[in-house]
Structure formats: structure tokens, C-alpha cells
Number of protein chains: 2
Amino acid sequence: MTGSEKKAPRVSASKVETAASEERPEKRLFYEYLRRKGLKRTAQRDLILETFLESEKHITSEELYRKVRERDPTVGFTTVYRTLKLLTECGIARSMQLGDRYTHYERGFDEQHHDHLICIECGGVTEFFSQQLENIQAEVVRRHGFQMVDHSLRIWGICRECQRKRGSWR
Amino acid sequence: MTGSEKKAPRVSASKVETAASEERPEKRLFYEYLRRKGLKRTAQRDLILETFLESEKHITSEELYRKVRERDPTVGFTTVYRTLKLLTECGIARSMQLGDRYTHYERGFDEQHHDHLICIECGGVTEFFSQQLENIQAEVVRRHGFQMVDHSLRIWGICRECQRKRGSWR
DNA sequence: CTGGCTGCAAAGCATTTGCATGACA
DNA sequence: TGTCATGCAAATGCTTTGCAGCCAG
């Protein structure tokens with residue numbers, strides 16, 4: 001998984017690249033969020049956001065930390081952790097529990113809501129979306145007088161691939 | 001919550017009450033499970049199971065531990081924890097994450113599958129079941145060639161009661 | 001008797017925080 | 001120039017395990 005990615009050129013941590021900051025809408029959103037909260041834009045936060053945006057769909061704080069350190073080994077885990085929290089607060093990241101002991105994060109800004117199929121054999125995660133499912137959930141919530149803030153549907157099982165492998169073992 | 005329950009009479013920990021063991025199907029199931037696995041029936045396991053069956057719908061290992069200790073203060077947390085694991089393995093209990101840092105357990109034997117509405121204000125949990133939801137999930141799973149083992153839908157939001165309270169604050 | 005069970009204490013481990021130093025605005 | 005950010009180390013807190021003595025079968 002990690003082996004196939006292109007090694008990004010080493011980035012200077014002490015220089016904020018303003019030119020590149022407009023590429024992705026998440027960046028504008030993040031800087032705006034920092035401004036509103038009276039927080040500061042730093043090279044570390046820039047690097048962490050950028051790395052997060054370039055990562056695979058689902059990532060743990062530990063994994064993101066490792067990727068960030070490939071570019072700047074001086075960044076600490078604490079900063080990655082705290083930045084991930086900021087990103088979650090402003091909607092750029094979304095956190096979730098997939099059943100292992102880690103908190104996983106996925107990009108949450110440019111993506112519509114979706115649910116997850118988790119393979120308990122290989123750990124693979126497949127996303128899916130069903131408008132029908134959403135509609136029924138909304139209906140359930142309405143019936144209970146609930147004001148929905150978030151929802152999460154996770155389905156664990158054996159993916160097609162792993163079923164095939166299993167079959168050939170016996 | 002805990003205040004309203006009836007204080008159960010102190011049970012001798014050194015005596016297994018065989019007569020009471022048939023009351024609940026879960027008990028037979030548990031003893032059968034222990035036998036199959038070559039494990040032993042003990043007074044602690046009996047007490048823990050019984051206490052679990054008499055508890056509220058959703059309980060943490062810590063809460064169960066406290067309840068067990070009301071009846072027998074000599075029981076250790078480790079034993080409660082390990083017994084809860086056994087109960088989960090044989091289907092009498094079901095474990096779940098509600099969003100706080102605790103693992104919650106609910107009775108999983110005599111209950112049909114259901115999903116949860118979790119109030120982020122008061123922490124209350126409401127169960128619901130929708131056959132439509134189940135059907136669509138089954139359809140999604142089938143379409144992906146997945147073999148479903150478990151699934152969990154959690155909806156977070158503000159319950160009716162808390163919305164009312166909120167409204168009257170402002 | 002013997003292997004499983006118990007309870008204590010301690011370890012694991014992801015997450016979170018305290019604090020002195022350093023950087024942004 | 002002051003406030004916020006950083007990174008190290010340490011604390012947290014739920015969970016899990018090692019181990020010596022105990023008990024069911």
C-alpha cells in the first residue's frame with residue numbers, strides 16, 4: 001500500500017507556500033477556520049493538511065504522522081494529532097471507528113456522506129452510498145423527534161476476494 | 001438511574017445455585033458454552049451473568065463491576081471483564097461503541113437486532129428497528145458480493161427532551 | 001490431584017495534557 | 001511583543017496480561 005506512492009520532494013518547513021494554498025478548497029477553508037478561531041497558520045499545519053489531502057481514503061493519526069515525517073522528520077506526533085483534531089472540527093476530516101483500536105480519519109469535505117463495508121479478514125474498507133438508506137434513516141429520526149447530527153453505518157463481513165481465498169483453502 | 005433498583009439480597013459466593021439456573025435460557029446457554037470449551041462453572045461467573053441479565057439495557061464493564069460488587073465485594077474487575085468477554089463470545093452479550101471511550105454491552109440473546117439513537121446531550125440511548133433498513137442493507141451487501149457478519153447503525157443527535165430543554169434556555 | 005479460575009498488580013497502548021521553548025502576526 | 005504553536009515527556013484511562021494461590025471437576 002505505502003510502497004506504491006510517489007516520494008514527495010522534501011519541503012522546507014520554515015516556509016509557507018502561499019502560491020500553492022489555493023489549489024484545494026480545503027486549504028482556504030482551513031485558513032479561514034484558523035482566522036475565525038484566532039489561531040495561527042504554521043508550516044507544520046500546512047504540511048499536515050497537505051499530506052492528509054494526498055493520502056489514501058482512510059488513515060490513522062499514526063499513519064499520517066509517518067507520512068508527514070517522510071517530508072519533515074522534525075514534526076511531532078502531538079502536532080499531527082492536534083491538527084487532525086482541528087481538521088475534524090472544521091469538517092475537512094471525519095473521524096470514525098472501524099472496529100480495531102484506532103481512530104481512522106477520512107476526507108470529509110468534498111465527499112458526500114457514505115457508509116462502510118469492512119472486511120474482517122483483510123481489513124479492507126469499501127464505501128457505498130444508498131439514498132434509500134438515507135431516506136429511511138431520516139424517517140426513523142423524524143418519527144422519534146430526534147434532531148440528527150451524525151450517523152454511521154458499518155457492515156462487517158468477508159469481502160468477495162477473501163471468500164474466494166477461503167474457499168480454496170479447504 | 002442506579003438509585004431506583006432494588007437491592008438484591010447478598011448471595012453466597014461459594015455456593016452455586018443450581019435450582020435458579022434454569023430460569024433464563026441464557027444460563028443454560030452459558031453453561032453449555034463453558035462445557036464445550038472445557039471451562040469451569042464458578043460462583044463468580046454465575047453471579048456476573050445473573051447481574052448482567054438483571055441490568056439495564058446498556059452497561060459498561062465498569063458499571064457491571066460495581067453492581068456485582070454490591071452483591072459480592074470480593075469479585076475483582078478482571079473477572080467481570082473476562083466473563084463479559086465469554087458472554088460476548090457465546091452471544092449472550094453484544095459489545096458496542098457509542099462514541100464515548102467505553103465499551104458498552106447489551107443483552108444479545110433474546111433480542112432481535114436493532115439500531116441505536118444516541119443523544120449527544122444527555123447520553124440517552126434509544127433503540128429502534130426497521131425492517132426496511134435491514135432489507136436495503138442486505139441488498140447492498142449482496143450487490144458487493146459481501147458476506148455480512150455483523151452491522152451497526154448509530155445515529156447521533158439531540159433527543160426530543162433535550163431539544164425542549166435547549167429551547168427554554170434562550 | 002490437575003488444569004482452569006481468581007484477584008491483585010502491573011503492563012499495554014492509543015490518546016491527551018503540562019510545560020518550557022520557539023514562531024507567527 | 002505577546003499570544004499561540006510545538007514537541008518532548010509524562011499522565012490518563014480503558015483494556016489486557018502475568019502470576020501465585022485457589023477451586024471446580
Side-chain angles (χ1 to χ4, degrees), chain A residues 12-18 21 30-49 51 59-66 68-69 71-89 93 95-105, chain B residues 12-18 21 30-49 51 59-66 68-69 71-89 93 95-105:
Chain A
S12 162
S14 56
K15 185 136 183 65
V16 173
E17 296 167 29
T18 316
S21 69
F30 188 45
Y31 304 147
E32 179 52 34
Y33 179 76
L34 292 178
R35 199 172 307 119
R36 274 207 320 277
K37 295 275 258 184
L39 305 177
K40 287 166 182 167
R41 182 177 168 188
T42 65
Q44 288 92 329
R45 286 176 177 171
D46 269 27
L47 175 59
I48 293 165
L49 170 56
T51 307
I59 197 169
T60 63
S61 55
E62 179 63 33
E63 287 163 351
L64 181 57
Y65 170 62
R66 281 203 299 272
V68 166
R69 291 203 48 133
R71 300 194 185 179
D72 182 351
T74 69
V75 176
F77 176 77
T78 308
T79 304
V80 172
Y81 168 78
R82 284 192 274 230
T83 301
L84 220 27
K85 194 173 179 185
L86 290 177
L87 294 177
T88 303
E89 282 166 18
S95 73
M96 53 187 189
Q97 308 297 326
L98 294 185
D100 54 16
R101 57 169 77 217
Y102 302 93
T103 300
H104 295 248
Y105 297 85
Chain B
S12 162
S14 56
K15 185 137 184 61
V16 172
E17 296 168 30
T18 316
S21 68
F30 188 46
Y31 304 147
E32 179 52 32
Y33 179 76
L34 292 178
R35 199 171 308 119
R36 273 208 319 278
K37 295 274 259 183
L39 305 177
K40 287 167 181 168
R41 183 176 169 189
T42 65
Q44 287 93 330
R45 287 177 176 170
D46 270 26
L47 175 59
I48 292 166
L49 170 56
T51 307
I59 196 169
T60 63
S61 55
E62 179 64 34
E63 286 163 352
L64 181 56
Y65 170 61
R66 282 203 298 272
V68 166
R69 292 204 45 133
R71 300 194 185 179
D72 182 352
T74 69
V75 176
F77 175 77
T78 308
T79 304
V80 172
Y81 168 80
R82 284 193 274 228
T83 303
L84 221 27
K85 194 173 179 186
L86 290 177
L87 295 178
T88 303
E89 282 165 16
S95 72
M96 51 188 190
Q97 308 297 326
L98 294 184
D100 53 16
R101 56 170 75 216
Y102 301 92
T103 301
H104 296 250
Y105 297 85

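All values reported here derive from a predicted model rather than from experimental measurement.
The side chain of R101(B) contributes no N or O atom lying less than 4.0 Å from OP1 or OP2 of dT12(D). Remark: R41(B) is not in phosphate contact with dG25(D), judged by side-chain N or O atoms under 4.0 Å from OP1 or OP2. One finds no side-chain N or O of T74(B) lying less than 4.0 angstrom from the OP1 or OP2 phosphate oxygen of dT6(C). For T79(A), a side-chain nitrogen or oxygen approaches OP1 or OP2 of dG7(D) to under 4.0 Å. Residue T42(B) has no polar side-chain atom (N or O) positioned under 4.0 Å from OP1 or OP2 of dG4(C). At dC23(D), none of the side-chain N or O atoms of Q44(B) fall inside 4.0 Å of OP1 or OP2 (strictly under the cut-off).
The interatomic distance linking F77(B) (CZ) with dC8(C) (P) rounds to 13 Å, in whole Å. Remark: P of dG25(D) and CZ of R35(B) are 10 Å apart, rounded to the nearest angstrom. Atom NE2 of H104(A) and atom C1' of dT15(C) are 14 Å apart (whole Å). To the nearest angstrom, C1' of dA14(C) lies 10 Å from OH of Y105(A). Remark: P of dT6(C) and CG of D72(B) are 12 Å apart, rounded to the nearest angstrom. Whole-Å rounding puts the L34(B) CG to dG25(D) C1' distance at 13 Å. As rounded to whole Å, 16 Å separates atom P of dC23(D) from atom CG of D46(B). Here dA14(C) presents its C1' atom at 11 Å from CG of D100(A), a figure rounded to the nearest Å.
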Report all interatomic pairs (protein N or O, nucleotide N or O of nucleotides 18-20 of chain D) with separations under 3.5 Å.
none

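Taking for each of R45(B) and R69(B) the nucleotide of DNA chain C with the nearest heavy atom, the 5'-most of the two is the partner of R45(B). A residue-by-residue look at Q97(B) and Y65(A) shows that Y65(A) has its nearest nucleotide of DNA chain D further toward the 5' end.
Not a single side chain to side chain donor-acceptor pair (under 3.5 Å) links Y102(B) to another residue, sequence neighbours left out.
Applying side-chain contact (heavy atoms from CB on, under 4.5 Å) to L47(B) and the options T79(B), V68(B), T42(B), V80(B) leaves one that passes, V68(B).
Between L86(B) and E89(B), the closest side-chain pair of non-hydrogen atoms falls below 4.5 Å. Contact of the L84(B) side chain with the Y105(B) side chain is registered, since non-hydrogen atoms from C-beta on lie closer than 4.5 Å. Proximity of L64(A) to I48(A): side-chain heavy atoms (C-beta onward) are separated by under 4.5 Å at one or more points.
Side-chain contact annotation: Y31(B) with R35(B), donor-acceptor N/O pair under 3.5 Å absent.
Taking every side-chain heavy atom of K40(B) into account, dG3(C) is the closest of dG3(C), dC14(D), dA25(C). In the set dC4(D), dA14(C), dT15(D), dT15(D) carries the atom at the smallest distance from any side-chain atom of T103(B).
Electrostatic pairing of E62(A) and R66(A) counts as a salt bridge here, judged by a charged N lying under 4.0 Å from a carboxylate O.
Within the 4.0 angstrom heavy-atom criterion, only backbone atoms of the sugar-phosphate kind lie near S61(A); the bases stay farther away. Backbone-only engagement by Y102(B) is indicated by non-hydrogen atom pairs under 4.0 Å involving sugar-phosphate atoms exclusively.
R41(B) places no side-chain N or O within donor-acceptor distance of the main-chain N or O of F30(B), the cut-off being under 3.5 Å.
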